[in-house]
Amino acid sequence: MKKEYDYVIVGSGLFGSVFAHEAKKAGKKCLVIDKRNHVGGNIYCENIEGINVHKYGAHIFHTNDKTLWNYVNQFVEFNNFTNSPLSLSKGKLYNLPFNMNTFYQLWGTKTPKEAKAKIEEQISRYVVEKPQNLEEQALSLVGKDIYDNFIKEYTEKQWGRKATELPSFIIKRIPIRFTFDNNYFNDTYQGIPIGGYNKLIEGLLDGIEVLTNIDYFTDRQKFNQLSEKIVYSGKIDEYFDYKLGVLEYRSLLFENEILEIENFQGNAVVNYNDSVYDFTRIIEHKHFEFGKQKKTVITKEYPQEWGHGKEAFYPINDLKNQSLFNEYKKLALKEKNVIFGGRLAEYKYYDMHQVIALALTKTKKEFK
Ligand code: FAD
């Protein structure tokens with residue numbers, strides 16, 4: 001007998017929502033469930049004082065893929081926001097990513113030739129055959145001044161460990177530009193949905209049944225019986241009841257403040273490099289949408305150890321966790337009628353455009 005739904009989709013983040021949208025287009029009946037009290041997963045925006053506050057961290061959409069750009073633009077128009085973060089280091093503000101403006105602010109170098117010579121001189125002091133830790137790796141890539149001003153303390157706060165105790169693979173390369181260009185991303189397309197990310201999710205889930213505040217695991221039997229297939233975008237270890245062990249993450253704590261002023265820092269993102277601040281960044285959300293509200297909302301971002309009750313944000317893709325994930329993946333491949341996908345099910349950091357591309361690939365295969 002045909003079941004009530006073709007798909008029960010666990011998770012209404014980008015993966016689940018794109019899957020649901022494409023399934024509906026293919027004539028399938030879906031039910032989307034989410035354990036949170038809202039849809040959208042980590043791109044959800046909370047409206048505070050008329051400002052779209054990125055509740056789970058600042059999100060800037062960027063991609064080089066025109067098809068993907070057109071895909072998201074069919075649901076909501078994007079503005080022309082360009083991510084140009086600043087970094088506060090030892091009392092001075094610098095432009096990021098590392099470019100001619102940063103080098104001028106740091107050393108007073110005015111031409112690419114002068115800046116290149118300065119960096120080469122800095123690097124030449126730290127020739128390390130095989131960097132043994134993050135500090136050695138960073139010093140050999142960019143030298144002491146950039147490392148001391150922008151990398152050391154920031155990274156130590158991010159990971160809660162000394163740079164000398166962190167593996168070198170965390171930093172594979174450090175992009176450096178010899179142009180006066182503060183655009184953080186190199187991608188052709190970039191922006192923020194006008195009216196916030198919820199519009200994108202609402203567009204994707206239009207006409208689809210959605211239940212929030214529902215955890216799949218409180219009644220998985222019921223949901224399995226309701227549908228032909230499950231699409232699962234939650235944590236893969238949780239799906240298997242953690243029977244092989246727990247996959248580890250880094251977490252973040254977000255502290256919001258409403259300020260009775262129009263403009264706090266004049267920019268959406270300011271990094272706080274120095275260790276005297278426990279937080280790593282302050283986000284001023286109105287600048288994502290060029291807001292003119294009378295008040296402003298800022299969020300301080302505190303990196304956290306992950307544990308019970310904390311949000312799992314960044315997978316720790318070291319050898320131990322990666323090989324545990326590979327074991328779970330083998331189990332997942334044996335699961336009949338379950339499609340796993342998204343950042344938690346694949347234990348991988350994905351940008352938004354990557355997760356959308358992944359969901360589209362899976363749906364193409366499913367509905368071919
Ligand atoms: P999620 O959005 O996490 O969705 C998974 C959903 O599943 C959640 O809503 C969860 O509640 C639900 N769920 C889990 N388990 C269950 C269960 N048992 N029952 C019911 N529901 C369940 N990307 C960019 O492109 N640009 C950025 O600037 C950017 N900034 C980021 C900043 C931070 C701090 C972080 C952490 C990520 C950032 N990303 C950014 C990445 C982006 O957030 C992800 O690509 C995207 O959100 C992943 O979507 P997803 O559907 O895989 O996962």
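One-based numbering, in listed order, for ligands and for the atoms of each.
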Heavy-atom nearest option to [atom], drawn from [options]:
| atom | options | answer |
| --- | --- | --- |
| atom 13 (N) of ligand 1 | His59, Arg220, Lys35 | Lys35 |
| atom 30 (N) of ligand 1 | Ala58, Gly16, Gly11 | Ala58 |
| atom 33 (C) of ligand 1 | Tyr350, Tyr314, Tyr197 | Tyr314 |
| atom 3 (O) of ligand 1 | Glu311, Arg343, Met352 | Arg343 |
| atom 2 (O) of ligand 1 | Asn42, Val39, Val32 | Asn42 |

(request) Report the residues that fulfil side chain to side chain donor-acceptor pair (under 3.5 Å) with Glu301, sequence neighbours left out, ordered by chain and then residue number. (result)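 Residues passing side chain to side chain donor-acceptor pair (under 3.5 Å) with Glu301: Arg281.
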(message) I'd like to check the side chain to side chain donor-acceptor pair (under 3.5 Å) partners of Tyr328; sequence neighbours left out, ordered by chain and number.
(response)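 None.
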(message) For Tyr349 versus Gln354, what's the shortest heavy-atom pair and its separation?
(response)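 Looking at all heavy atoms of both residues, the shortest contact is O-OE1, 4.4 Å.
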Can you check whether [X] has an N/O within less than 3.5 Å of an N/O in ligand 1?
| X | answer |
| --- | --- |
| Val355 | no |
| Ser12 | no |
| Tyr232 | no |
| Ile43 | no |
| Tyr56 | no |
| His353 | no |

(message) Looking only at side-chain N and O atoms, does Asn186 offer a donor or acceptor that is under 3.5 Å from a partner on Arg177?
(response)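 Yes, Asn186 and Arg177 have a side-chain donor paired with an acceptor closer than 3.5 Å.
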(request) Say whether Ser89 and Asn149, considering side chains only, have a donor N or O and an acceptor N or O under 3.5 Å apart. (result)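 The answer is yes; a qualifying pair exists.
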Shortest protein heavy-atom distance from [atom], along with the residue and atom involved:
| atom | value |
| --- | --- |
| atom 9 (O) of ligand 1 | Asp34 OD2, 2.7 Å |
| atom 23 (N) of ligand 1 | Asp351 OD1, 3.1 Å |
| atom 19 (N) of ligand 1 | Tyr216 N, 3.0 Å |
| atom 4 (O) of ligand 1 | Gly13 CA, 3.5 Å |
| atom 26 (N) of ligand 1 | Ile60 O, 2.8 Å |

(message) Within ligand 1, which atoms have a heavy atom of Arg36 less than 4.0 Å away?
(response)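 It comes down to these atoms of ligand 1: 9 (O), 11 (O).
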(message) Can you name the atoms of ligand 1, numbered from 1 with element, that are less than 4.0 Å from a heavy atom of Phe15?
(response)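 Within the 4.0 Å cut-off of Phe15, ligand 1 contributes 51 (O).
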(message) For Tyr147, does the six-membered ring have the charged nitrogen or CZ of Lys152 within the cation-pi criterion, i.e. under 6.0 angstrom from the centroid and within 45° of the normal?
(response)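 Here Lys152 fails the 6.0 Å and 45° test against Tyr147.
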(request) Report yes or no: is the cationic atom of Lys144 (NZ for Lys, CZ for Arg) closer than 6.0 Å to the six-membered ring centre of Tyr126, at no more than 45° off its axis? (result)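 No cation-pi geometry.
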(request) Would you kindly specify which portion of Asp215 sits under 4.0 Å from ligand 1, judged on non-hydrogen atoms: side chain, backbone, both or neither? (result)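 The answer is both.
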(request) Examine the proximity of ligand 1 to Ala345 and report which part, side chain or backbone, both or neither, has a heavy atom under 4.0 Å away. (result)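 It is neither; nothing of Ala345 touches ligand 1.
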(request) Output yes when Lys25 and Glu22 qualify as a salt bridge under the 4.0 Å nitrogen-oxygen rule, no when they do not. (result)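 Counted as a salt bridge, because a side-chain N and a carboxylate O are separated by less than 4.0 Å.
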(request) Decide, yes or no, whether a salt bridge links Lys295 with Glu262 under the criterion of side-chain N to carboxylate O below 4.0 Å. (result)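 A salt bridge is absent here (no side-chain N lies under 4.0 Å from a carboxylate O).
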Take every heavy atom of [X], measure it against each atom of ligand 1, and state whether any distance is under 4.0 Å.
| X | answer |
| --- | --- |
| Tyr349 | yes |
| Phe313 | yes |
| Ile214 | yes |

(message) Does atom CG (Leu319) have a neighbourhood of more than 12 heavy atoms from anything else shown, all under 6.0 Å?
(response)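 Atom CG in Leu319 is not packed in, count stays at 12 or less.
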(request) Taking atom CD of Gln221 as the centre, report whether more than 12 heavy atoms of other residues, nucleotides or ligands fall under 6.0 Å from it. (result)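 No, CD of Gln221 has 12 or fewer neighbouring heavy atoms, counting only those of other groups under 6.0 Å.
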(request) For the residue pair Val231 and Phe15, establish whether any side-chain heavy-atom pair is separated by less than 4.5 Å. (result)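 Yes, at least one pair of side-chain atoms sits under 4.5 Å.
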(message) Test side chain to side chain donor-acceptor pair (under 3.5 Å) on Asn64 and Asp187; report intermediate values, then the result.
(response) CA-CA 5 Å; Asn64 262 328; Asp187 291 350; 3.2 Å; yes
